[in-house]
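As structure tokens, the structure follows; a few thoughts come after it.
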Amino acid sequence: MVISTPQKSKSQKSKPQKSKGFKQGLYRFVLGVLWLEPFWVASLMPSLLVRDFFWDPWVQPWLLATLLLFLPLRLLATRRLVPFTPLNWPIALILLWSPVALWASRYPERSWDALGYLFLGIALYGALLNWSLTQRYPWLVVVGLGLIGLALTATGPALLANIPGKLFVFSDDIQHSQPVDLFGLGETINSNVLAGALLLPIPLLAALALRWDWIPPAARRWLPLLLGIGALSMMCTLILTQSRGAYFALAIGLIVVVLFRWPKAWLAMVVPALAVVLVLAWNGVVLFDQPLGTTGSITSLSGRVEVWQRALYALRDFPLTGIGIGTFDLVIPELYPYGNGNGANIPHAHNLFLQVGVDLGLPGLLAYGWLLVSAVRVLLNILRNGGKVDQPEDSADRSARVRHQLRRQRRQRAALRWTLAAGALGALASLVTHGLVDAITWGTKVAFIPWLLFALVALLALPPQSNEEIMVDDEVERF
């Protein structure tokens, strides 16, 4: 006896195919929307950085909510918020603890401003870490940092609120000139803020300019020169700011880059170091007479120590919550008055780590320290491995010419990855060194720049793109 099974009709066969096709189309549409996340965050930057020009204060919480608009959609589509990297957990802790700092604030409106700068940086980090273009080409982050640095180089001197006169003095006309009102925004920039913002792009561009084997042969004649000119132009503007802390931090960052590029270069640095010591001994440390003085000014060592002491008092009295993010210049003079009575003119703790602790308490400070340590470990691992990543062996079916081209491309990618890691480590060294005497990379309008650097480190920590490609059919089934 033969039992025949009923044949499925054409309509029954087409239903699963139509359903699968609809899911694929919907999934691809969602991925296309998620691809726009960096542009969405960038479009919100003016509203967060120059909020008073665009919006009333009550809009600020809604602006912060819109920064996180893509998170639930991404979680639904990909079952994760960001690819895993060692930097994710400390950043998540900072993000989750920040509402506590808002709750503890006596001046909520000021704290909402500071939260905007923090959330903007973390949103940029997440958007770049999720973006397929930066996953495949991490150097695009360096392009962004370089463009920001060049923009500050071009406009920063004209926007200076006060022309510094610490090491060399300009003419009276320049000294008493007013800052340019760019686009009618009425925005100005402090010389120390400008110097601190320029610190991060310079080591990255310098590292890329000092090694050439990552560059395609057709561009080796002009690209290193272009990168070097960009770094030198930023250095010239940084020198004009006359920020001694930035000078020292930049020197440390560039030394890190040079020593990783040429490990024996320290022998050539001995003579310049001795020359500097002799000049200082001959001139009686004239350049450092003011910063080492006891005038009580914030530019002197005694003035900085007084600010640091009050930050430590606040951290001791409010170890869990801090005094409220962004309220240093309002709370510290009330609770711990300064001896000179000028506390209202001191906007922050002039120390990055004390400022993070005062804003977020010890939990936030520990998370930020964890973030820095994780970033350094990632970069050191890349440098130890020469920038190489695990790759599958070449197929024997390929021709010798194809295998040779693939090996050459892998060497170039490894060289580029190593060079980016060296530049990022130099930038982190500058960030930490400058953070010992200033805190402009936290709670200011340029505070999003370090988060671009953290995004670069996280992207370098990701496995090769070929191992991370999403199979659409599998994802559609889960979707």
Side-chain angles (χ1 to χ4, degrees), residues 82-94 125 128-129 134-135 137-142 145 199-214 231 248-267 269 352-353 356 365-391 410-436 441 449-465 467-468:
V82 290
F84 173 77
T85 72
L87 279 65
N88 290 355
W89 278 113
I91 292 176
L93 290 177
I94 292 174
Y125 169 88
L128 292 174
L129 190 55
T134 46
Q135 287 177 359
Y137 309 112
W139 52 265
L140 288 174
V141 180
V142 181
L145 282 167
L199 276 176
L200 301 187
I202 295 175
L204 285 164
L205 295 185
L208 291 170
L210 292 176
R211 183 170 178 173
W212 310 285
D213 54 346
W214 63 270
F248 184 67
L250 178 61
I252 295 296
L254 292 179
I255 287 173
V256 169
V257 170
V258 171
L259 288 181
F260 272 100
R261 179 65 180 92
W262 298 291
K264 295 184 178 180
W266 66 270
L267 295 172
M269 296 181 184
L352 175 61
F353 305 100
V356 174
L365 177 58
L366 292 175
Y368 192 77
W370 182 9
L371 172 63
L372 292 175
V373 171
S374 299
V376 171
R377 290 184 62 182
V378 166
L379 296 175
L380 288 178
N381 287 334
I382 294 173
L383 294 171
R384 289 194 191 102
N385 295 332
K388 298 177 182 178
V389 293
D390 294 332
Q391 295 280 6
R410 288 174 186 172
R411 286 196 297 268
Q412 286 184 347
R413 286 197 295 266
L416 177 58
R417 190 165 180 259
W418 187 96
T419 305
L420 292 175
L425 190 60
L428 277 177
S430 296
L431 173 69
V432 172
T433 304
H434 191 246
L436 297 177
T441 52
I449 297 179
W451 294 100
L452 299 180
L453 179 62
F454 292 137
L456 173 62
V457 176
L459 289 165
L460 293 175
L462 291 178
Q465 181 67 20
N467 295 339
E468 285 291 309

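The first residue of the sequence shown is numbered 1, and numbering continues consecutively from there.
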Report yes if the side chains of [X] and [Y] come closer than 4.5 Å at any heavy-atom pair, otherwise no.
| X | Y | value |
| --- | --- | --- |
| Leu204 | Leu453 | yes |
| Leu352 | Leu436 | no |
| Leu205 | Val142 | yes |
| Ile94 | Trp370 | no |
| Leu200 | Leu428 | no |
| Trp451 | Leu128 | no |
| Val457 | Val376 | no |
| Ile449 | Thr441 | no |

Find the distance between [atom1] ([X]) and [atom2] ([Y]) and round it off to the nearest 0.5 Å.
| X | Y | atom1 | atom2 | answer |
| --- | --- | --- | --- | --- |
| Leu416 | Trp139 | CG | CH2 | 9.0 Å |
| Leu459 | Phe454 | CG | CZ | 13.5 Å |
| Leu250 | Phe248 | CG | CZ | 11.5 Å |
| Tyr368 | Leu93 | OH | CG | 15.0 Å |
| Leu379 | Arg384 | CG | CZ | 11.0 Å |
| Ile202 | Leu199 | CD1 | CG | 6.5 Å |

Donor-acceptor contact present, side-chain [X] to main-chain [Y], <3.5 Å:
| X | Y | value |
| --- | --- | --- |
| Ser430 | Ala249 | yes |
| Arg261 | Leu210 | yes |
| Arg417 | Leu460 | yes |
| Asp213 | Gln412 | no |
| Trp214 | Leu208 | yes |
| Trp212 | Ala209 | yes |

Which heavy atom of [X] sits nearest to which heavy atom of [Y], and what is that distance?
| X | Y | answer |
| --- | --- | --- |
| Leu254 | Ala206 | CD2-CB, 3.9 Å |
| Pro203 | Gly426 | CB-C, 3.9 Å |
| Ala422 | Phe260 | CB-CB, 4.5 Å |
| Ala461 | Val378 | CB-CG1, 3.7 Å |
| Ile252 | Ala429 | CG2-CB, 4.1 Å |
| Ala421 | Leu383 | CB-CD2, 4.0 Å |

Exercise. How far apart are the C-alpha atoms of Tyr125 and Leu87, what are their side-chain angles, what is the distance that settles it, and do they pass the side-chain contact (heavy atoms from CB on, under 4.5 Å) test?
Worked result: CA-CA 10 Å; Tyr125 169 88; Leu87 279 65; 3.5 Å; yes
Exercise. Heavy-atom count around Trp262 CH2 within 6.0 Å, excluding the residue itself: above 12?
Worked result: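 Yes, enclosed.
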For this session: For side-chain contact (heavy atoms from CB on, under 4.5 Å), just list the numbers for Leu129 and Thr134, CA-CA rounded to whole Å, side-chain angles, deciding distance to a tenth of an Å, and then say yes or no.
Result: CA-CA 7 Å; Leu129 190 55; Thr134 46; over 6 Å; no
Problem set entry | Worked check of side-chain contact (heavy atoms from CB on, under 4.5 Å) between Val432 and Phe353 | CA-CA 9 Å; Val432 172; Phe353 305 100; 4.0 Å; yes
